[in-house]
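Step one of this worksheet: look at the structure below.
Numbering of residues begins at 1 and proceeds along the displayed sequence.
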Amino acid sequence: MEKALENLKTNPYFEKYATRIADLQKTSPEEFLQRIEQQQKTKEEERKKKFASVDTRKFSSVLNPKETLKEGCEVQEKKLNDILKIELVQDKEPTEIQSLWEEYHKHKEVISATIPHESYIHLQNNMKQWATFLFPLPRDQGYEFIMCQCYGHTVHFTPLLAYQVHKENAPECLTMVHYTELLDKGIVLMRGEYDKNVLTGQEAQCLANQFQMYYSGKDAAKTQLLQTFTTSPDTFKHMDLINQLESISLT
C-alpha cells in the first residue's frame with residue numbers, strides 16, 4: 001500500500017487535488033484505500049494488455065514449470081484409439097491408412113507422419129541408445145537450442161534455457177508420440193503437439209525433421225554427433241549442429 005501511495009504522489013494531478021485527497025483520507029479512510037487499490041488493479045490490467053501481444057516465439061522465455069508428478073505415478077503412453085478407432089482401419093491397406101492419417105491432421109495445429117516399420121526399428125534403437133540430444137532452431141537473432149528427451153515411444157522437446165532453470169519440471173514445447181498399434185500393417189503413426197506460444201507449425205516441423213535425420217541412422221556424421229554428445233560431452237561442439245543444419249534444406 002505504501003508503494004501505491006508513492007505512485008499516487010507521482011501523478012501529475014496529485015498536487016492539484018492534494019487537499020481533496022487529504023480530506024478523503026480523514027473523513028473516509030476506507031473509501032480512500034479502496035480507490036487506491038482499484039487504481040493499482042487498473043494499472044496492472046493495462047500492463048498485462050500491453051505485453052499480451054508480444055510474440056514469445058521469437059525467443060523462448062523461461063516458461064513456468066510443469067506440475068511435479070506425485071511419487072509412485074508413472075507417465076502413461078498415449079493410445080492411438082484415443083485419436084483413431086483402430087477397428088475402422090483394420091481392413092485397410094497401409095497406404096489408405098496413411099492417407100486417412102494425413103487428411104485427419106491436415107487442418108489441425110499439429111504435425112504428423114507415417115513411418116515404415118523397418119525405419120522405426122532403427123529409430124527406436126537409437127532413441128534408447130541416445131535418449132537425450134540437442135537441436136538448433138533458427139530464430140530472428142540466430143539460433144536457440146532445443147533439447148529432446150526420449151521416453152518409450154515419446155519424444156519431449158524443451159527449450160534448453162527452460163530446462164537449465166526447471167530441470168525435469170521444464171515444460172515441453174513439442175511432444176511427439178509414435179503409435180505402434182498398427183505394426184502388423186507395417187507402419188507406425190506419429191503425431192506431434194506443440195505449444196503455439198513457443199513454436200510455429202513450421203518450427204515444430206523443423207525439429208521433427210532434424211530428429212528424423214539424426215535418429216534414422218542414415219547419416220554417419222549425425223550419428224557420430226549423437227554418440228559424442230552422449231559419451232564425450234566435453235568434446236562436443238554446438239557449432240557442429242548449426243553447421244549440419246545450414247548444410248541441408250528443411251521443408
Quiz item: Could you walk me through whether Leu245 and Gln210 pass the side chain to side chain contact (heavy atoms under 4.5 Å, CB included) check?
Solution: CA-CA 8 Å; Leu245 180 61; Gln210 288 192 73; 3.8 Å; yes
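- Ion pairing of Lys79 with Glu181 is absent here, as no side-chain N (NZ or NE/NH1/NH2) approaches a carboxylate O to less than 4.0 Å.
- If you take CG on Leu160 and CD1 on Ile146, they are separated by 8.0 Å, rounding to the nearest 0.5 Å.
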Quiz item: Under the side chain to side chain contact (heavy atoms under 4.5 Å, CB included) criterion, do Ile111 and Leu174 qualify, and how do the steps go?
Solution: CA-CA 10 Å; Ile111 59 174; Leu174 168 64; 4.2 Å; yes
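- The aromatic rings of Phe211 and Tyr215 sit parallel to each other, their planes meeting at less than 30°, with 60° as the upper class boundary.
- A cation-pi arrangement is present between Lys108 and Tyr104 under the rule of less than 6.0 angstrom and at most 45 degrees off the ring axis.
- Aromatic ring orientation, Phe133 versus Tyr214: tilted (interplanar angle from 30° to 60°).
- Taking the six-membered ring for Trp and the full ring otherwise, His238 and Phe236 have centroids separated by under 6.0 Å.
- Taking CZ of Phe145 as the reference point, atom CG of Leu137 lies at 10.5 Å (rounded to 0.5 Å).
- Between Gln224 and Thr228, the side chains place a donor N or O and an acceptor N or O closer than 3.5 Å (distance only, hydrogens not considered).
- Separating the NZ atom in Lys218 from the OG atom in Ser119 is a distance of 5.0 Å, to the nearest 0.5 Å.
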Practice problem: Tell me, with the steps shown, if Tyr120 and Leu123 meet side chain to side chain contact (heavy atoms under 4.5 Å, CB included). | Solution: CA-CA 5 Å; Tyr120 187 69; Leu123 202 69; 3.8 Å; yes
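- Taking the side chain as every heavy atom from C-beta outward, Leu225 and Gln244 approach each other to under 4.5 Å.
- Looking only at side-chain heavy atoms (C-beta outward), Val155 and Thr175 stay at 4.5 Å or farther from each other.
- Between Lys185 and Glu93 no salt bridge is recorded (no basic side-chain N to carboxylate O distance below 4.0 Å).
- A distance of 4.5 Å separates CD1 in Ile86 from CG in Asn81, rounded to the nearest 0.5 Å.
- Taking CZ from Phe157 and CD from Glu172, the interatomic distance works out to 11.0 Å, rounded to the nearest 0.5 Å.
- With contacts defined as side-chain heavy-atom distances shorter than 4.5 Å, the pair Val198/Pro159 qualifies.
- At least one side-chain heavy atom of Ile83 sits less than 4.5 Å from a side-chain heavy atom of Arg191.
- Of the inter-residue distances, the one linking Leu199 atom CG with Cys206 atom SG reads 9.5 Å to the nearest 0.5 angstrom.
- Between Tyr179 and Trp101, the ring-plane angle classifies as perpendicular under the 30° and 60° cut-offs.
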Practice problem: Check the pair Val188, His178 against side chain to side chain contact (heavy atoms under 4.5 Å, CB included), reporting the backbone distance first and the verdict last. | Solution: CA-CA 6 Å; Val188 171; His178 298 93; 3.9 Å; yes
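- Contact annotation: the side chain of Met239 approaches that of Ile242 to within less than 4.5 Å [non-hydrogen atoms, C-beta and beyond].
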